[in-house]
Amino acid sequence: MKPTLLLVVSALAAALPAEQAYSLAHLALRALPNAPDGYTPANVSCPAVRPSVRSASTLSTNETEWLRLRRNKTFDALKDFFGHVDVGSFNVSAYLDTLAHSNASELPTVGIAISGGGYRALLNGAGAIKAFDNRTENATASGRLGGLLQSATYVSGLSGGSWLVGSIFINNFSSITSLQTYKEAEVWQFGNSIFEGPYTGGVQAVDTVEYYKNIEDAVSGKSDAGFPTTITDYWGRALSYQLVNGSNGGLDYTWSSIALTTEFQQADMPMPLVVADGRNPGELVIGGNATVYEYNPWEFGTFDPTIYGFIPLEYLGSRFVAGTLPSNETCVRGYDNAGFIMGTSSSLFNQFLLNVNSTALPSALKAIFTDILQDIGEDDEDIALYGPNPFYLYSNETSPYANSTELDLVDGGEDGQNVPLHPLIQPERHVDVVFAVDSSADTTYYWPNGTSLVATYERSLNASGIGNGTAFPAIPDTNTFVNLGLNTRPTFFGCNSSNLTGPAPLIVYLPNYPYVTYSNVSTFEDSYNDSHRDAMILNGYDAVTLANASRDGNWTACVGCAVLARSFDRSNTSVPSICTDCFDRYCWNGTLNSSTPAPYEPTLLFPEATIKINSTKSSAATAAAAREVTFTASLVAASVVYFLTCTLL
Ligand SMILES: *[C@@H]1O[C@H](CO)[C@@H](O)[C@H](O)[C@H]1NC(C)=O
Ligand SMILES: *[C@@H]1O[C@H](CO)[C@@H](O)[C@H](O)[C@H]1NC(C)=O
Ligand SMILES: *[C@@H]1O[C@H](CO)[C@@H](O)[C@H](O)[C@H]1NC(C)=O
Ligand SMILES: *[C@@H]1O[C@H](CO)[C@@H](O)[C@H](O)[C@H]1NC(C)=O
Ligand SMILES: *[C@@H]1O[C@H](CO)[C@@H](O)[C@H](O)[C@H]1NC(C)=O
Ligand SMILES: *[C@@H]1O[C@H](CO)[C@@H](O)[C@H](O)[C@H]1NC(C)=O
Ligand SMILES: *[C@@H]1O[C@H](CO)[C@@H](O)[C@H](O)[C@H]1NC(C)=O
Ligand SMILES: *[C@@H]1O[C@H](CO)[C@@H](O)[C@H](O)[C@H]1NC(C)=O
Ligand SMILES: *[C@@H]1O[C@H](CO)[C@@H](O)[C@H](O)[C@H]1NC(C)=O
Ligand SMILES: *[C@@H]1O[C@H](CO)[C@@H](O)[C@H](O)[C@H]1NC(C)=O
Ligand SMILES: *[C@@H]1O[C@H](CO)[C@@H](O)[C@H](O)[C@H]1NC(C)=O
Ligand SMILES: CC(=O)N[C@H]1CO[C@H](CO)[C@@H](O)[C@@H]1O
């Protein structure tokens with residue numbers, strides 16, 4: 001069946017003038033709306049060298065060349081960073097100069113990973129990025145962490161984290177401050193839920209129907225052109241209205257266009273990476289052995305041994321066979337719509353199917369969803385369907401998809417690895433330290449408890465199988481996490497590089513924790529007014545800065561030590577005593593306490609500073625409240641609404 005949304009959309013659209021064009025009040029210049037035909041992939045002539053699948057045995061030449069440029073930029077940025085982050089009396093600037101002279105590849109390579117967890121993860125992650133961004137007010141004052149983002153080579157995101165990464169990079173490496181202060185009708189208006197659509201200042205009922213109609217037009221355009229569509233297409237389109245500052249929800253913005261922007265080509269920003277999981281034909285549960293795919297600005301593919309190949313992202317949608325594009329096939333562009341990629345990374349539909357009965361939904365709705373989801377599931381539409389499969393007849397011996405003309409992709413966190421570390425532990429990338437922001441809802445009260453790191457660790461233990469040569473620091477069980485409080489403050493894993501099975505980054509684990517507001521909001525919360533949004537961001541900022549070092553006066557030095565740790569080892573530099581102290585304090589030292597802990601219920605660290613969430617809706621949402629009647633017009637419409645909003649992990 002076609003998703004029920006179609007019927008609702010058609011019904012709503014039929015009631016209104018069809019040709020009312022949606023338009024945004026302001027159109028800032030944004031990175032390349034370069035799709036040939038909006039959301040519809042289109043035939044284009046192929047480049048002189050026809051696109052093909054390449055082996056994942058190396059990084060792409062695009063990435064290798066870009067890294068050479070980026071190295072110079074991160075060198076300057078690291079010097080800036082250590083200009084206001086002291087590591088005791090250790091002269092970091094002189095140390096970095098020495099490294100740069102002897103061998104620039106010895107300089108630290110920094111990664112940042114933003115977990116999934118719906119809007120909670122988007123906002124908590126945004127607080128972390130804001131703290132690390134030297135453009136944030138006062139972020140380069142002494143003892144602040146601004147400039148870590150500029151010093152980073154990679155920023156990865158999955159699911160809710162991919163919304164953050166996409167929103168930053170598709171909008172020209174926007175700062176969080178600027179995303180928070182956009183005018184109404186633009187991005188980050190989370191007071192309007194995804195099914196209300198953007199605030200446009202006009203007669204909202206009309207705009208909302210136009211919004212639904214535009215989404216429906218976009219998806220049916222793709223479908224009419226012969227490409228399979230699923231509910232993920234609708235999902236990605238709807239998300240884009242909140243996240244991409246372009247007309248009609250950034251309809252024309254491709255993910256591959258990031259690589260075409262001047263600032264990115266000059267390596268003036270880190271490289272964004274988004275993760276999605278593969279679902280094998282006929283599977284519902286995604287196990288720890290699922291294939292993990294990445295989207296980088298040039299390519300789509302995987303380092304996993306199942307497929308072990310990449311295609312040029314720009315030509316996703318072309319009919320590759322056995323790794324090449326046959327001479328009778330044309331090149332296709334425009335498949336890699338930015339919203340479709342964010343939607344794929346967050347397409348938690350089949351998980352929801354399994355979990356619907358444990359949600360807080362009214363039971364009448366649960367019954368409806370069970371029906372809708374089962375119908376969709378039966379038709380294999382509870383996933384993102386990539387057709388044609390770019391890896392058709394590729395890796396015949398190992399790929400579960402070799403014989404399949406379509407590729408099934410799901411939410412990047414469904415294999416349990418809810419922090420997108422996979423792209424950052426590939427040995428070819430030589431990442432030295434990962435700042436891993438975890439907003440997972442592992443515990444009963446939606447706090448993280450290390451589950452994600454355990455999943456990545458366990459996967460790496462199968463190094464000759466699915467782990468394919470990746471190494472990862474030892475991670476204790478989640479009972480130990482809770483008993484030792486490893487999820488109540490930053491914890492470093494893998495401090496001792498000689499206790500690893502291969503090269504692996506130091507992991508700086510940065511769990512969501514309540515500083516000034518209870519940031520453990522349900523994954524299914526679908527709207528945040530501006531004050532709630534900003535409180536969540538501030539709490540995320542505090543969680544990674546330890547409230548501007550008020551929980552530990554030496555915290556920024558410890559961050560500096562984490563950045564330098566692997567390079568100290570490589571260059572046989574004796575570790576400054578301030579760093580030894582930091583490592584004593586923050587490194588997990590191998591202690592286990594696996595007894596069952598009491599329920600984990602942290603209380604606010606700074607109750608006196610508690611941010612009271614303004615319970616009245618934001619200005620953007622005020623008008624929305626009056627319109628809700630539109631959506632409850634029929635039970636079917638309401639169920640679709642719930643269906644969409646309950647799949648936000
Ligand atoms: C990636 O590298 C290939 C080969 O060097 C080149 O043809 C292509 O234009 C590059 N892609 C981008 C987006 O720069
Ligand atoms: C990096 O900077 C050095 C010194 O400023 C310069 O000589 C070199 O050409 C730069 N490398 C690249 C790839 O831009
Ligand atoms: C932030 O860092 C970049 C890259 O190092 C630098 O060019 C820029 O001037 C810095 N901005 C601020 C406000 O410090
Ligand atoms: C930045 O620092 C100045 C001077 O200390 C202070 O007045 C101002 O409130 C700070 N701004 C923020 C956003 O913290
Ligand atoms: C992954 O596959 C290995 C065998 O290659 C197996 O031992 C392991 O149990 C599997 N793990 C999961 C989570 O399915
Ligand atoms: C995979 O097998 C098919 C035949 O089943 C063959 O045509 C194709 O060339 C093989 N792929 C590769 C990459 O060898
Ligand atoms: C190209 O040739 C193959 C094999 O002959 C065929 O299956 C396919 O449909 C052709 N493609 C087009 C676009 O005609
Ligand atoms: C939810 O519970 C109802 C009643 O027990 C059951 O019929 C339905 O199949 C369940 N749904 C799912 C998705 O498990
Ligand atoms: C694909 O089909 C070929 C020929 O029918 C078969 O030999 C091969 O085992 C199949 N591969 C997979 C992964 O199912
Ligand atoms: C951690 O979270 C996982 C996943 O929800 C759960 O199975 C486990 O019981 C939790 N452990 C603790 C100690 O909270
Ligand atoms: C060192 O490695 C062993 C074996 O993997 C592991 O059990 C232990 O926990 C590790 N210690 C630390 C501190 O990571
Ligand atoms: C290090 C390692 O094990 N690499 C393997 C990854 O998977 C590919 C494809 O199976 C192998 O060729 C590599 O040797």
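First listed ligand is number 1; within each ligand, the first listed atom is number 1.
- Ligand 6 has an N or O atom lying under 3.5 Å from an N or O atom of N396, backbone or side chain.
- With hydrogens and angles disregarded, a donor-acceptor distance shorter than 3.5 Å links the side chain of N171 to the backbone of S167.
- Partners of A471 under the side chain to side chain contact (heavy atoms under 4.5 Å, CB included) rule, at least two apart in sequence or in another chain, are T501, A504.
- Residues that satisfy the side chain to side chain contact (heavy atoms under 4.5 Å, CB included) test with R489, not counting sequence neighbours, are L486, T491, R551, Y586.
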With the criterion set at N/O pairs under 3.5 Å, what does the list of contacts between the protein and ligand 11 look like, atom names and distances included?
unit_1: ligand 11; atom_1: 2 (O); unit_2: N499; atom_2: OD1; d: 2.9
unit_1: ligand 11; atom_1: 2 (O); unit_2: N499; atom_2: ND2; d: 2.5
unit_1: ligand 11; atom_1: 11 (N); unit_2: N499; atom_2: ND2; d: 2.7

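- Polar contact with ligand 6: absent for A322 (N/O pair, distance under 3.5 Å).
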Criterion side chain to side chain donor-acceptor pair (under 3.5 Å) on T591 and N589, from CA distance to verdict = CA-CA 6 Å; T591 305; N589 64 6; 2.5 Å; yes

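- Under a 3.5 Å cut-off, the side chain of W255 and the backbone N or O of V274 do not form any donor-acceptor pair.
- Taking only nitrogen or oxygen atoms, main chain and side chain alike, K73 does not reach within less than 3.5 Å of ligand 3.
- Proximity of a side-chain donor or acceptor of N91 to a complementary backbone N or O of A94 within less than 3.5 Å is detected.
- Residue-level proximity to ligand 3 for D76 is absent, since no heavy atom of it falls below 4.0 angstrom.
- S460 meets the side chain to side chain contact (heavy atoms under 4.5 Å, CB included) test with Y457, T470, F472; sequence neighbours excluded.
- At least one donor-acceptor pair closer than 3.5 Å links the side chain of T443 to the backbone N or O of W447.
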